[in-house]
Amino acid sequence: MCLIIGDSTALGTANALAAQGIRCAVHARVGAPSGDSVKTFRSPVGAGRVLIALGSNDPTNARLARNLMVIRQRSMGSQVTWLAPYHASAARIVTDIARSVGDPVIQLASLPSRDRVHPQNYRTVAAALQWRKTASIRVDYRATRALPSPQHESSVRQAVVLSF
C-alpha cells in the first residue's frame, strides 16, 4: 500500500500514479497548509511507500518545519519521499528535514511550471518516484486501518485501493 499526504501537488501526483495503475491512500486537499495535516492526519499501519507534499500553501509559516516533522514522525512507511515546493525557503525546509532522516526529495523547482506552484506535468513527478519498480510490494491488508475522518470531511480526499 502507498500513502500520499499533502496539498494539490499531492493530488496531482496521486492522479498521475493512478493513471499508471498505482492506487494509493490519499490524505490531501487543494490549498492544504501543513498545519491542517498535523490536525487531521494519523498514519495507517502498513504503508510501504509514503509521499509527503506540503509547504506550498504556507511557505512563510513559522511552524512549517515543526509541522513537517510531526507529519514525518506519523508517517510509518518504509520508504518516505518528499516533494519540495517551488518556493525556495519552503523547499529548503523540506529538503533539510528529508535529509536529516535519510529520505529522498523530488525538487519541484527542477520541473517546468506555469505558476511556480504546480508542475506542468504530474507524470514527470510520478516517474521520478519510481514506484512502478516496487509496485509488487505486498502489504498484509488485515494490518491496515482506515484514516480517521477529519472534522471537515468534505475538504479531504481519501481513498484506499488494495491490489493483489
Side-chain angles (χ1 to χ4, degrees), residues 2-19 22 24-44 47-131 146-160:
C2 53
L3 170 65
I4 299 176
I5 307 160
D7 54 27
S8 57
T9 62
L11 291 173
T13 304
N15 289 333
L17 287 168
I22 301 170
C24 300
V26 177
H27 184 91
R29 74 173 172 82
V30 173
S34 61
D36 284 4
S37 292
V38 168
K39 291 175 189 170
T40 62
F41 173 71
R42 301 294 180 267
S43 181
R49 297 169 302 222
V50 176
L51 175 68
I52 301 173
L54 286 163
S56 292
N57 296 305
D58 57 347
T60 59
N61 180 350
R63 298 177 66 102
L64 179 59
R66 186 193 74 70
N67 291 344
L68 295 176
M69 279 304 297
V70 169
I71 294 297
R72 177 58 180 92
Q73 290 166 351
R74 292 180 187 166
S75 302
M76 299 185 188
S78 59
Q79 176 189 348
V80 177
T81 303
W82 296 75
L83 286 188
Y86 285 95
H87 190 279
S89 65
R92 275 191 300 278
I93 291 169
V94 167
T95 301
D96 289 347
I97 290 170
R99 287 187 178 151
S100 75
V101 293
D103 296 338
V105 181
I106 297 170
Q107 299 290 336
L108 289 180
S110 68
L111 303 174
S113 172
R114 289 187 182 93
D115 62 4
R116 302 301 293 158
V117 175
H118 307 96
Q120 284 182 6
N121 188 337
Y122 281 100
R123 287 181 304 221
T124 308
V125 179
L129 284 169
Q130 299 180 345
W131 284 4
L147 294 173
S149 297
Q151 291 175 347
H152 304 290
E153 197 169 297
S154 64
S155 65
V156 178
R157 176 182 163 215
Q158 296 181 354
V160 176

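Inspection of the Arg63 and Asn61 side chains reveals no N or O donor paired with an N or O acceptor under 3.5 Å. Side-chain polar atoms of Ser113 and His118 form no donor-acceptor pair below 3.5 angstrom. Between the side chains of Ser34 and Asp36, not a single donor N or O lies within less than 3.5 Å of an accepting N or O.
Nearest heavy-atom pair, Thr9 versus Ala53, reported as atom, atom and distance to 0.1 Å: OG1-CB, 3.4 Å. Between Gly48 and Ser78, the closest heavy-atom pair is O-OG, 2.7 Å. The nearest pair of heavy atoms linking Gly55 to Leu64 is CA-CD1, 3.9 Å. Scanning all heavy atoms of the two residues, the minimum distance from Asp7 to Ala28 falls at O-CB, 3.9 Å. A pairwise comparison of heavy atoms in Arg42 and Lys39 identifies NH1-O, 4.2 Å as the closest pair. Across all non-hydrogen atoms, the minimal contact from Ser110 to Gln107 is OG-O, 2.7 Å.
Taken from CD in Gln73 to CE in Met76, the straight-line distance is 10.5 Å, to the nearest 0.5 Å. From Ile5, atom CD1 reaches atom CG of Leu83 across 11.5 Å, with rounding to the nearest 0.5 Å. With values rounded to the nearest 0.5 angstrom, Gln130 atom CD is found 9.0 Å from Gln79 atom CD. A distance of 8.0 Å separates OG of Ser37 from CZ of Arg29, quoted to the nearest 0.5 Å. Distance check, rounded to the nearest 0.5 Å: CZ of Phe41 to CD1 of Ile71 gives 6.0 Å. Expressed to the nearest 0.5 Å, how far CD1 of Ile4 lies from CH2 of Trp131 amounts to 5.0 Å.
The backbone N or O of Arg92 lies less than 3.5 Å from no partner atom in the side chain of Thr95, so there is not a single donor-acceptor pair. Asp58 contributes no side-chain N or O that, together with a main-chain N or O of Pro33, makes up a donor-acceptor pair within less than 3.5 Å. Between the side chain of Arg72 and the backbone N or O of Ile52 there is no donor-acceptor pair closer than 3.5 Å. Panel note: side chain Thr81, backbone Leu51; no donor-acceptor pair is recorded below 3.5 Å. Side-chain N or O atoms of Tyr86 include one that pairs as donor or acceptor with a backbone N or O of Leu111 at under 3.5 Å.
More than 12 heavy-atom neighbours from other residues, nucleotides or ligands sit within 6.0 angstrom of CZ on Arg116.
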What's the verdict on side chain to side chain contact (heavy atoms under 4.5 Å, CB included) for Met69 and Ile97, showing C-alpha distance, side-chain angles and the deciding distance? CA-CA 7 Å; Met69 279 304 297; Ile97 290 170; 3.3 Å; yes
Step by step, would you call Ile106 with Leu129 a side chain to side chain contact (heavy atoms under 4.5 Å, CB included)? CA-CA 8 Å; Ile106 297 170; Leu129 284 169; 3.7 Å; yes
Go through it in stages, so that I can follow the logic: the residues are Cys24 and Ile22, the test is side chain to side chain contact (heavy atoms under 4.5 Å, CB included), and I'd like the CA-CA distance, side-chain angles, deciding distance and then a yes or no. CA-CA 7 Å; Cys24 300; Ile22 301 170; 4.2 Å; yes
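For the side chain to side chain contact (heavy atoms under 4.5 Å, CB included) with Val26, the lone residue among Leu3, Thr13, Leu11 that qualifies is Leu11.
At a threshold of 4.5 Å between non-hydrogen side-chain atoms, the residues Val94 and Leu54 do not count as touching. Looking only at side-chain heavy atoms (C-beta outward), Val117 and Pro85 stay at 4.5 Å or farther from each other.
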